[in-house]
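Only one structure is covered here, and it is reproduced in the block below.
Below, chains carry the letters A, B, ... as their sequence lines are ordered, and counting in each starts from 1. Keep in mind it's a predicted model, so treat the numbers as computed, not measured.
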Amino acid sequence: MSLERIAISQAGSHVGATVEIAGWLYNLRSGGKICFPQVRDGSGIIQCVAVKSALPEELFETLKHLTQESSLIVRGKIRAEARAPGGFELDVETAQIVQRVPESDPYPITPKEHGIDFLMDHRHLWLRSRRQHAALLVRHEVIKAIRDYFDSHGFILVDTPIFTPAACEGTTTLFEVDYFEDEKVYLAQSGQLYGEATAAAFGKTYCFGPVFRAEKSKTRRHLTEFWMVEPEMAYADLEDVKHVGEELILHVISRVLENRREDLKVLERDVSKLEAVKAPFHRMTYDQAVEKLKSKGSEIQWGSDLGNTDETLITEDLDRPVMIDRYPAAVKAFYFALAEDRPDVALGVDFIAPEGYGEIIGGGQRIHELDLLLKRLEEHKLPREAFEWYLDLRKYGSVPHAGFGMGVERFVAWMCGLDHVRETTAFPRMIYRTKP
RNA sequence: UCCUCGGUAGCUCAAUGGUAGAGCAUUCGGCUGUUAACCGAAGGGUUGUAGGUUCGAGUCCUACCCGAGGAGCCA
């Protein structure tokens, strides 16, 4: 009889078979003549049962005194068991300890409560814990669903550089890097300007990668390094951005609900909140948003950008995202197209997620006329030399085009119902935390 | 950068200006169905750092360091 090594997640289809499981000791409960080692292998957790009378004395004692997170390979028969968490159990026949964690230096993360500082210092180990594991599986699903959406809608993945010569927008702060021969380069805060070039080459493109913001933000929604997907479409306008953004969000949510129910349960996510997200999303102009805020007692004036408290006020009574468009041009980047009837209004749109997760998509239509773009560069006091290549895009077959960026971590935090984006990525980078 | 809160055992937290303690973890012992198992015992401390007030400071004062939450800015 051959012995098959299986993933714990597949235990249900091996009931009655003798199998091998390779993993780590998640938790252990023991009696005098019986013990229950719970083994995790990355795909799941299974409770094993070791009975003294059925095993060699030495093996039973070894298992009974095994330390948390020791690595081991167990073999035994799978059995359906209602009393076991997960519904299946493995009756241990043999076991091999790969590495025993010494009790003089035990695994630091116990099954009890820990503070966030301690957990973040041990992030490399914290990833093994149930909730963190579940959140990263949701992230995996979100990223896969995003790529599947674009790949099946005619978008070509064309990634953009991380070392860039200058600010894309001139608004947020950049991380400066020493390049060769006294040259300075900066870590990209967006791939958008390059996306405009690739869209003119391929029609519809997207880039997907890490971006960097040296903002001194210290909130539950900010990382200094985060992942952003940025589609860009030639021959497209503001309405196309709203349409694609809405479709993308709905596609990703349905995939998460389809494939990650168990993980959402581990995260204690109220899935009815996600199931309620349907088309059409709410739509309002910036003008209407200001009116709504004023009616709710805000002192906001037309012309200032919406802050986080404003976003929360606007979405507090909504069950799905809201698209707010036509912002004052003064609060948007230089490349935003302007409304024909109102040159003080930019054709930008932000998608604000419900439940306080804030802006998850920002984008809009770009300026495609050379003269207007030059004027806007000047108004933003940006050096023309750095943008010569970008201006070329307006000289050689310029067309109306549009695109947006979606932040992966905020989206995942929303899916998981997490109160901080730091748990949506394996090793978050924040203003005061760069280790491990 | 600013505002607020915090730092005591490996972890999570208690302790009226008056002998630094509990639970978990670790070690030893008990238990053949445990579900963050339970029961009994043991070891474990420069109270973030440096000053100051006081007969006496974990506790009060000052400065600094570290962390958390928020604001602005942003995805």
Side-chain angles (χ1 to χ4, degrees), chain A residues 26-38 45 47-55 60 64-65 67-69 79 81-87 89 91 101-122 126 129-131 169 171-173 189-192 210-230 245 304-312 331-333 350-353 356-363 404-414 419-422 424-425 430-433:
Chain A
Y26 190 73
N27 199 4
L28 175 69
R29 301 185 191 90
S30 71
K33 292 168 184 163
I34 188 170
C35 71
F36 302 92
Q38 293 187 335
I45 299 174
Q47 173 161 290
C48 301
V49 186
V51 178
K52 188 175 184 178
S53 58
L55 294 172
F60 180 76
K64 187 177 166 181
H65 293 102
T67 43
Q68 194 189 356
E69 285 301 321
R79 180 168 45 74
E81 171 57 69
R83 287 174 292 186
E89 252 175 14
D91 290 316
V101 174
E103 49 274 282
S104 59
D105 190 7
Y107 186 70
I109 302 177
T110 69
K112 295 284 181 182
E113 285 170 32
H114 299 282
I116 192 64
D117 186 29
F118 177 82
L119 289 170
M120 287 308 301
D121 284 343
H122 294 84
W126 191 25
S129 299
R130 247 186 177 117
R131 281 178 60 87
E169 315 194 4
T171 52
T172 49
T173 322
Q189 58 180 340
S190 162
Q192 122 120 59
V211 291
F212 307 85
R213 307 266 168 107
E215 295 156 4
K216 296 198 168 176
S217 301
K218 185 172 155 38
T219 81
R220 66 181 65 190
R221 297 174 311 282
H222 286 88
L223 301 174
T224 51
E225 173 183 329
F226 65 97
W227 279 61
M228 189 156 69
V229 59
E230 294 176 274
S304 59
D305 208 352
L306 304 181
N308 184 58
T309 36
D310 299 319
E311 290 179 357
T312 307
V331 304
K332 289 292 176 189
D350 288 349
F351 287 53
I352 316 295
Y357 286 97
E359 186 185 339
I360 49 171
I361 281 182
F404 63 89
M406 183 168 88
V408 168
E409 285 76 9
R410 282 189 191 175
F411 197 96
V412 174
W414 175 31
D419 62 9
H420 201 301
V421 291
R422 66 185 158 216
T424 65
T425 188
M430 289 171 284
I431 178 167
Y432 295 128
R433 197 176 280 281

Y432(A) near the nucleic acid: base, sugar-phosphate alone, or nothing, with a heavy-atom cut-off under 4.0 Å?
-> sugar-phosphate

Would one find a side-chain N or O of K112(A) under 4.0 angstrom from OP1 or OP2 of U12(B)?
-> no

Hey, does R221(A) reach any base, or is it just sugar-phosphate, or nothing, if we go heavy atoms under 4.0 Å?
-> base

Would you say whether F226(A) stacks on A75(B)? The test is a distance between ring centres of less than 5.5 Å and an angle between planes of less than 30°.
-> yes

Checking only heavy atoms, does the side chain of S217(A) share a donor-acceptor pair with the base of C73(B) at less than 3.5 Å?
-> yes

Report the nucleotide, chosen from G33(B), G69(B), U12(B), that has the shortest atom-to-atom distance to any side-chain atom of I34(A).
-> G33(B)

Taking U34(B), G67(B), A71(B) as options, the one with an atom nearest any side-chain atom of R83(A) is U34(B)

Counting only Watson-Crick or G-U wobble pairs whose two distances fall under 3.5 Å, which nucleotide matches U12(B)?
-> A22(B)

Steps toward side chain to side chain donor-acceptor pair (under 3.5 Å) verdict (Q192(A), E230(A)) | CA-CA 7 Å; Q192(A) 122 120 59; E230(A) 294 176 274; over 6 Å; no

So H122(A) and F118(A), would you call those rings parallel, tilted or perpendicular, with 30° and 60° as cut-offs?
-> tilted

Contact class for P108(A) vs. all strands (heavy atom < 4.0 Å): base, sugar-phosphate, or nothing?
-> nothing

Just checking R422(A): base, sugar-phosphate only, or nothing, at a heavy-atom cut-off of under 4.0 Å?
-> sugar-phosphate

To the nearest angstrom, the CD-C1' distance between E113(A) and A25(B) comes to 14 Å

Answer yes or no: does a side-chain N or O of N308(A) lie under 4.0 Å from OP1 or OP2 of G72(B)?
-> no

Cationic N near anionic O, under 4.0 Å, K332(A) to D305(A) = no

Please determine, for the side chain of E311(A), which listed nucleotide (A25(B), A68(B), C74(B)) has the closest atom?
-> C74(B)

Using side-chain contact (heavy atoms from CB on, under 4.5 Å) as the criterion, list what pairs up with R220(A), not counting sequence neighbours.
-> D419(A), H420(A)

Do H222(A) and C74(B) have a side chain to base donor-acceptor pair shorter than 3.5 Å?
-> yes

